[in-house]
Amino acid sequence: SLLFVWLADRFMFALFIEGFEYKVRNFLFFNLPVFIFIILASTAFRTIRDRIIEDSEKQEKQNENLKTELSFLRSQVSPHFMFNILNNMVALARKKSDILEPSLIKLSSLLRYMLYETDEDKVLLDKEVEYLQSYIDLQQQRFGKNITINVSIHEVEGPYYIEPMLLIPFVENAFKHGTGMIEQAMINIDLKAADNMLYFTVQNKFSNLADEVKDKASGIGLNNVERRLKLLYKSNHRLLVDKSNGYFTVTLEIQLA
């Protein structure tokens, strides 16, 4: 570099042109330390710069891997959900039910949400709640008086945002394991968002006998959403699962901001 050439020139000039002994002593005590400092500083700067570039590339790769995994997990939710809903439609068609048409309209709104409004990293909590309510309405139409569904969705206080299709697997799981060979089937759903916190509880009666049959085809939804929660919210969420006294209860708390 030009700096090295200049220093070398000054060194040669000092040694052979302007007095050898004096200049050598002057160089050793004053010039050489500066020269060494410049070389060390240059090396350290290059090392730090390379490390920053390497860390930046590594972080970018991790972010891309995270996006890829989240996209994959989200894609798993939609087919699993659609499989259950289409089975519901088939059941209504076989019964020649009058509620088939309004159910299809409700399903259409669900598909619109899934296809056009879930591409973003996050959506308004109000939209997610509306989607959740539509799903519950479809299930209520399907089961009618065979199940008691208690839904308490409190008015959302602020414009909160949430990962799309994050809450539906809990409700899907409740209907999957809380219906069928269960006496006085009951599902309780409670949702509240206030002070930058989301509180969501889903509870259903369960039967060990029924679960022995259903477990072979279950687990996709809850395992999926648990993985997504760990990736997205890390320590900013708490998920509790309790199975006792004939009830299966899932409690989720998320810090929204």
Side-chain angles (χ1 to χ4, degrees), residues 70 73-74 77-78 80-81 84-85 106-107 109-110 112-114 117-143 147-179 182 184-206 218-257:
L70 287 172
L73 290 172
R74 189 184 297 178
V77 173
S78 300
H80 182 60
F81 169 71
N84 291 337
I85 284 295
K106 187 77 69 173
L107 177 59
S109 68
L110 294 181
R112 184 163 47 252
Y113 176 79
M114 291 165 59
E117 299 187 41
T118 60
D119 288 337
E120 301 296 328
D121 292 337
K122 292 189 177 182
V123 296
L124 279 169
L125 180 58
D126 286 334
K127 288 288 185 180
E128 182 76 0
V129 170
E130 181 181 342
Y131 170 76
L132 194 66
Q133 185 65 64
S134 295
Y135 175 82
I136 295 171
D137 291 343
L138 282 173
Q139 294 287 29
Q140 181 72 77
Q141 289 175 3
R142 176 193 175 193
F143 290 104
I147 183 173
T148 300
I149 304 175
N150 301 311
V151 181
S152 178
I153 298 180
H154 305 269
E155 183 178 355
V156 177
E157 291 186 359
Y160 297 125
Y161 290 85
I162 191 173
E163 167 80 7
M165 299 184 70
L166 189 66
L167 305 179
I168 192 68
F170 299 110
V171 181
E172 278 189 283
N173 188 73
F175 278 100
K176 187 175 187 64
H177 294 274
T179 57
I182 298 175
Q184 297 180 337
M186 178 182 295
I187 294 177
N188 302 315
I189 300 170
D190 186 88
L191 185 147
K192 179 181 179 181
D195 300 325
N196 298 322
M197 289 293 298
L198 170 69
Y199 304 94
F200 185 57
T201 301
V202 180
Q203 183 183 67
N204 64 273
K205 280 188 174 182
F206 74 93
S218 64
I220 297 175
L222 289 188
N223 290 338
N224 185 316
V225 75
E226 186 174 2
R227 175 62 178 162
R228 291 169 68 198
L229 284 167
K230 289 180 179 178
L231 288 171
L232 291 164
Y233 295 99
K234 298 180 174 64
S235 61
N236 294 324
H237 84 282
R238 186 173 66 161
L239 179 63
L240 302 176
V241 177
D242 179 68
K243 194 173 184 180
S244 60
N245 300 321
Y247 282 92
F248 183 86
T249 306
V250 174
T251 303
L252 174 66
E253 297 179 5
I254 300 178
Q255 184 175 335
L256 298 174

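Values reported hereafter were calculated over all heavy atoms of this structure, with side chains retained and with hydrogens, waters and symmetry mates removed. Computed from a prediction, not measured in an experiment: that's the story for all the values here.
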### Query
Sequence neighbours excluded, which residues qualify as side chain to side chain donor-acceptor pair (under 3.5 Å) partners of Q140?
none

### Message
List the residues meeting side-chain contact (heavy atoms from CB on, under 4.5 Å) with S152, not counting sequence neighbours, and say none if there are none.
### Response
H154, D190

### Closest non-hydrogen atom pair, V151 against Q133
CG1-OE1, 4.0 Å

Got a list of side-chain donor-acceptor pairs under 3.5 Å for residues 193-203, not counting sequence neighbours?
residue: Q203; atom: OE1; partner: N188; partner atom: ND2; Å: 3.0
residue: Q203; atom: NE2; partner: T249; partner atom: OG1; Å: 3.0

### Task
Mind checking the OG1-NE2 spacing from T179 to H177? Nearest 0.5 Å is all I need.
9.5 Å

### Message
Among residues at least two apart in sequence or on other chains, which ones pass side-chain contact (heavy atoms from CB on, under 4.5 Å) with D126?
### Response
V156

### Heavy-atom closest contact (M165 atom, R228 atom, distance)
O-NH1, 3.0 Å

### Query
Measuring from F170:CZ to I189:CD1, what's the distance to the nearest 0.5 Å?
12.0 Å

### Summary
dist L191:CG -> L125:CG (nearest 0.5 Å) comes out at 6.0 Å

### Task
Sequence neighbours left out, what passes salt bridge (Lys or Arg N to Asp or Glu O under 4.0 Å) with E130? Give chain and number order.
none

### Query
What is the distance from atom CD of E128 to atom NZ of K122, rounded to the nearest 0.5 Å?
12.5 Å

### Query
In chain order, what residues pass the side-chain contact (heavy atoms from CB on, under 4.5 Å) check against K205, with sequence neighbours excluded?
I182, Q184, Y247

### Summary
Contacts of S235 meeting side chain to side chain donor-acceptor pair (under 3.5 Å) (sequence neighbours excluded), chain-then-number -> none

### Query
After noting the C-alpha distance and the side-chain angles of Y161 and V123, does the key distance pass the side chain to side chain contact (heavy atoms under 4.5 Å, CB included) rule?
CA-CA 5 Å; Y161 290 85; V123 296; 5.7 Å; no

### Task
With the side chain counted from C-beta on, respond yes when F175 and I149 share a heavy-atom pair under 4.5 Å apart, and no when they do not.
yes

### For G178 against A185, the heavy-atom pair lying closest together
O-CB, 3.3 Å

### Query
So do L166 and Y233 actually touch side chain to side chain, heavy atoms under 4.5 Å?
yes

### Task
Under the side chain to side chain contact (heavy atoms under 4.5 Å, CB included) rule, what do L252 and L229 come out as? Steps first, then yes or no, please.
CA-CA 10 Å; L252 174 66; L229 284 167; 3.8 Å; yes

### Query
What is the minimum heavy-atom distance between N204 and A174, and which atoms define it?
OD1-CA, 3.5 Å

### Query
For the residue pair V171 and L132, what are the closest heavy atoms and their distance?
CG2-CD1, 3.5 Å

### Summary
Shortest non-hydrogen pair, V250 vs F248, comes out as CG2-CE2, 3.4 Å

#### Entry: I187 vs I136 side-chain heavy atoms within contact, under 4.5 Å
no

